[in-house]
Amino acid sequence: MRSDGEELGVEQGNRISTTELCMLPWRPLGRVFLVASPLMGVIMLALHQRSQLDRRATRHGNHISDQQAANWCGFRVQSDAFTRVAGSKTLLINAFREHRTAKASVRLIAIVPQAERALSGRCVFCCRERGEVVTVEAKRTTHPSNYFFSYGTGDFLCPMPSGCQPRYVGLVSEDGKDLSDLTLLPVLNRRAPERSRMPLNFTLCMPSLFNHYDNVLQFVQAMELYQLLGIQKAFLYKTSCSATMETVLQYYSGKVGFLQVLPWPISSHLKPSSSWLPSTSPGDIHYYGQIPANNDCLYRNMHQSRYVLMHDPDEVIVPTGNVSFQTLMSDLEKAHGENVNFYFPNNIFRLEEKEENSKYDLPEWKHLPGTNFLLHTLRETDGAGGKLVLDPRSVLQMEVHAVQAHFNKGRTETIGSEQGLLHHVRRRKNSQQKSDLVREEGLLKMAPALVQRVNRALSSMGLLNTSFGPAPH
């Protein structure tokens, strides 16, 4: 594997064809064949399985599917959210066709140990079109933000062999002796429509739910707020949640179709921290792998959505003066052009400060665990951090609050409160007195419509307490 920033060419690839395999020395031993190396043995098996599959497909006149293509290669196919690289502690998440490089490539998103920064690796392509298994040197990039944990985010760029359109790819470490433990990942994003033909305008990415997450009311309010604002699709990475939250997730993913829940069993592979610093919560990786999940979601939606919002269920960006995200983003595009990302500074609405005698402190919600967005209208004046709305094709790497590497002169612009305000409901971050806090009512303007949507959703889930009268308008 080369160091960050070096260009690679496929001329470095090792190609092993059927003809070359026939020339290797071997001798029979009963029903077992001894070949030149363990690597050759695995590839011989793969090509034997390939020939059987090709004969069956030809005999029945069938088109070879993606799964059959993987079987043709003779290797296992990813079945877990994480795939460990044999001979390494690296965990692969997904593989994506990279359409932005000069040479056609595939990019693997991964969780990497800091101790392996200098280790190399090779990408393994199964090129059915050429009758070859090809390995090429990987270009490894370790992303800079790990918040002092021993594991962080990385990616491996694999230049594609000419004449090969891979559906699956694998990675082997530098000290891997053979391919017997290789697991392949399907290559996602094989097609890249023009920006104007993207299926979606706005998609939301949320990091992992963990520690048996049970903030039911706020999550339902958030899902309805996002849809009210014009968000069309949401992705959620799930480690653990309560039984009631599972009901909520099934409603939004199954019945509504707005949410896609992605399993994130990181606890089975690492000891994740539930905080942003190891001194606060010891572990192997920051916040249950929030940064690699964000990067995975970014690449998943690179050719599906014009913009991707990156924030949590306790956050929502409220446009100033209107309730449409479409209007806000159209205004921002006119002012800044395309290929631009937008950073919204944080505004903390204190959990400790709650509206008294609010008409939105609804009795039919009181039995639900979680926070009511509508009861927190006082914000601190110096919130740190912020969240992003990204044009995903302009981003190579990101962390929680910033783009770490832009592509093709992409840039990030900070958006002031006169255009949009990030509402973040959480515990206080400073010592300001209540009299020093600022009251914001932007979210309350959306409250009547939000209450109706939330009650309709809760009723559909069987979670609404119907023993009370109608909600206020």
Side-chain angles (χ1 to χ4, degrees), residues 1-2 8 10 12-17 21 37-50 53 64-98 101 103-113 116 119-141 153-190 269 292 296 299-300:
M1 179 182 310
R2 297 206 172 184
L8 297 172
V10 264
Q12 298 160 326
N14 295 333
R15 299 175 173 84
I16 303 165
S17 66
L21 283 169
S37 71
L39 173 62
M40 296 301 104
V42 173
I43 296 176
M44 284 289 283
L45 175 62
L47 291 173
H48 173 68
Q49 292 174 336
R50 185 280 309 267
L53 176 64
I64 294 180
S65 68
D66 281 4
Q67 185 60 52
Q68 288 174 316
N71 293 338
W72 173 85
C73 297
F75 302 115
R76 293 184 300 273
V77 176
Q78 179 190 44
S79 59
D80 190 12
F82 303 103
T83 299
R84 186 176 295 280
V85 177
S88 167
K89 294 182 178 180
T90 292
L91 297 171
L92 300 178
I93 303 171
N94 273 308
F96 300 95
R97 172 70 187 274
E98 179 58 90
T101 51
K103 187 178 290 291
S105 303
V106 172
R107 191 183 301 275
L108 303 169
I109 303 297
I111 295 174
V112 297
E116 294 184 4
L119 294 184
S120 62
R122 297 188 70 82
C123 310
V124 181
F125 288 102
C126 299
C127 301
R128 183 180 182 278
E129 302 92 339
R130 301 174 47 151
E132 295 174 326
V133 173
V134 183
T135 70
V136 298
E137 191 173 3
K139 172 190 168 185
R140 173 189 178 130
T141 301
T153 310
D155 67 73
F156 299 84
L157 190 63
C158 306
M160 290 164 46
S162 58
C164 181
Q165 296 296 322
R167 297 176 181 179
Y168 292 83
V169 65
L171 186 74
V172 292
S173 61
E174 63 175 351
D175 54 354
K177 302 299 183 184
D178 57 53
L179 304 183
S180 59
D181 290 327
L182 179 67
T183 298
L184 298 178
L185 282 71
V187 178
L188 308 179
N189 294 354
R190 298 214 305 266
H269 301 270
D296 178 71
Y299 276 86
R300 277 179 181 270

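What you are looking at is a predicted structure, and each value in this text was computed from that prediction instead of being measured.
- Formation of a donor-acceptor pair under 3.5 Å by the Q78 side chain with backbone atoms of I93 is found in this model.
- In terms of modelled atom types and a separation under 3.5 Å, the side chain of T90 and the main chain of V112 share no donor-acceptor contact.
- Distance CG/L179 to OG1/T135: 8.0 Å, rounded to 0.5 Å.
- Here OG of S173 is found 12.0 Å from CZ of R122. Values are rounded to the nearest 0.5 Å.
- Remark: C158 SG to K139 NZ distance equals 11.5 Å, nearest 0.5 Å.
- For the atom pair I109 CD1 and L91 CG, the distance stands at 13.5 Å (nearest 0.5 Å).
- Of all heavy-atom pairs between V106 and A95, the closest is CG1-CB, 4.0 Å.
- When all heavy atoms are compared, the tightest approach of S88 to E116 is OG-OE1, 2.6 Å.
- M160 and P166 get closest at one heavy-atom pair: CE-CD, 3.5 Å.
- Every pair passing salt bridge (Lys or Arg N to Asp or Glu O under 4.0 Å) that includes a residue from residues 153-165 is listed here, sequence neighbours excluded: R107-D155.
- A donor-acceptor pair under 3.5 Å is formed between the side chain of R76 and the backbone N or O of D181.
- A donor-acceptor pair is defined here as one N or O able to donate and one able to accept, closer than 3.5 Å; no such pair exists between the side chain of N94 and the backbone of D296.
- Using the six-membered ring where Trp is involved, F96 and Y299 have ring planes that are tilted, between 30° and 60° apart.
- Residues Y168 and C126 form no side-chain contact, since every pair of their non-hydrogen atoms from C-beta on lies 4.5 Å or further apart.
- Among V187, T83, L157, V169, the one residue that satisfies the side chain to side chain contact (heavy atoms under 4.5 Å, CB included) test with L108 is V169.
- Closest of all the heavy-atom pairs between P159 and F125 is O-CE1, 3.4 Å.
- Q165 is not listed as a side-chain neighbour of R190, based on a closest heavy-atom distance of 4.5 Å or more.
- Scanning both residues, C127 and P161, for their nearest heavy atoms gives SG-CG, 4.1 Å.
- Atom CZ of F82 is separated from atom CD1 of I111 by 4.5 Å, given to the nearest 0.5 angstrom.
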